[in-house]
Amino acid sequence: DHFGKPTTGHMTNDELHEIINSLRSIGSDLAFVEAKEAGGGLPKSLRETLSSFSNTPGGGVIILGLAERAGFTATGVKDPARLADELAGMASSEMEPPVRPLIGIHPVDGVSVVTAEVPELSPAEKPCFYKGPA
């Protein structure tokens with residue numbers, strides 16, 4: 001069992017809640033999940049996460065708006081639509097080859113979080129790396 005890791009298509013709110021409950025019960029990030037607070041916008045460390053998940057079998061899930069240090073409390077993000085657009089832009093224009101995560105906005109505990117399901121690249125496309133701003 002992959003703790004409800006979505007296999008194809010956008011994850012549902014139920015799948016996201018299952019992942020968050022797993023994070024909270026374990027008390028740390030899962031191998032395929034990276035939670036970031038992102039209250040002040042996109043964390044620079046996301047580039048590393050995007051390349052890492054793109055190169056990892058099965059890819060991974062990024063959740064923006066969860067505070068790991070506070071037991072994965074949902075802190076939410078200020079402007080989810082803009083953050084989702086910025087994340088898509090970073091993934092497609094700053095990564096080589098471009099990364100195309102499935103990005104979603106979900107309600108969690110009364111706030112909005114942004115999720116990105118990062119697919120694993122084909123062996124011919126690997127490795128993915130940060131090439132710098134476009």
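Just so you know, these numbers use all the heavy atoms, side chains as well, and skip hydrogens, waters and symmetry mates.
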- Task: Compare every heavy atom of Pro127 with every heavy atom of Pro97, then report the nearest pair and how far apart it is.
- Result: CD-O, 4.0 Å
- Item | Pairwise salt bridge (charged side-chain N to carboxylate O under 4.0 Å, His left out) hits with a residue in residues 19-43, at least two apart | Arg24-Asp109, Glu34-Lys36, Glu37-Arg69
- For residues 47-62, pull every pair meeting side chain to side chain donor-acceptor pair (under 3.5 Å), keeping only residues two or more places apart or in separate chains. Arg47-Glu94
- Note on the structure: Rounding to 0.5 Å, atoms CD (Glu18) and CE (Met11) come to a distance of 11.0 Å
- Query: Among all residues two or more places apart in sequence or in another chain, which pass the salt bridge (charged side-chain N to carboxylate O under 4.0 Å, His left out) test with Glu86?
  - Reply: Arg82
- Message: If I take atom CG from residue Asn21 and atom CG from residue Leu16, how far apart are they, to the nearest 0.5 angstrom?
- Response: 9.5 Å
- Message: Please report the interatomic distance CZ(Phe32) to CD1(Ile19), rounded to the nearest 0.5 Å.
- Response: 5.0 Å
- Query: Quick one: side chain to side chain donor-acceptor pair (under 3.5 Å) partners of Glu120, sequence neighbours excluded?
  - Reply: Lys126
- How many angstroms lie between atom NE2 of His17 and atom OG1 of Thr12, to the nearest 0.5 angstrom? 10.0 Å
- Any donor-acceptor pair under 3.5 Å linking the side chain of Thr75 with the backbone of Gly65? yes
- Task: Determine the minimum heavy-atom distance between Ser92 and Arg100, stating which atoms define it.
- Result: CB-NH1, 2.8 Å
- Task: Taking salt bridge (charged side-chain N to carboxylate O under 4.0 Å, His left out) as the test, write out the residues that go with Glu125, two or more places apart.
- Result: none
- Looking at residues at least two apart in the chain, or sitting in another chain, which of them share a salt bridge (charged side-chain N to carboxylate O under 4.0 Å, His left out) with Glu96? Lys131
- To the nearest 0.5 Å, tell me how far Leu23 CG sits from Ile63 CD1. 5.5 Å
- Note on the structure: Applying side-chain contact (heavy atoms from CB on, under 4.5 Å) to Ala70 and not counting sequence neighbours gives Ala67, Thr73
- Query: Cluster partners of Tyr130, using ILVMFWY side-chain heavy atoms under 4.5 angstrom, listed by chain and number?
  - Reply: Leu42, Leu46, Leu50, Phe53, Ile62, Leu64, Val77, Leu83, Leu87, Met90, Met95, Val99, Ile103, Ile105, Val114, Val118
- Query: Which residues satisfy the salt bridge (charged side-chain N to carboxylate O under 4.0 Å, His left out) test with Lys78, sequence neighbours excluded?
  - Reply: none
- Query: Taking all non-hydrogen atoms of both residues, which atom of Leu66 and which atom of Ala74 are closest, and how far apart?
  - Reply: CD2-CA, 3.7 Å
- Task: Any chance you could pull the hydrophobic cluster mates of Leu121, using side-chain heavy atoms under 4.5 angstrom and chaining through other members?
- Result: none
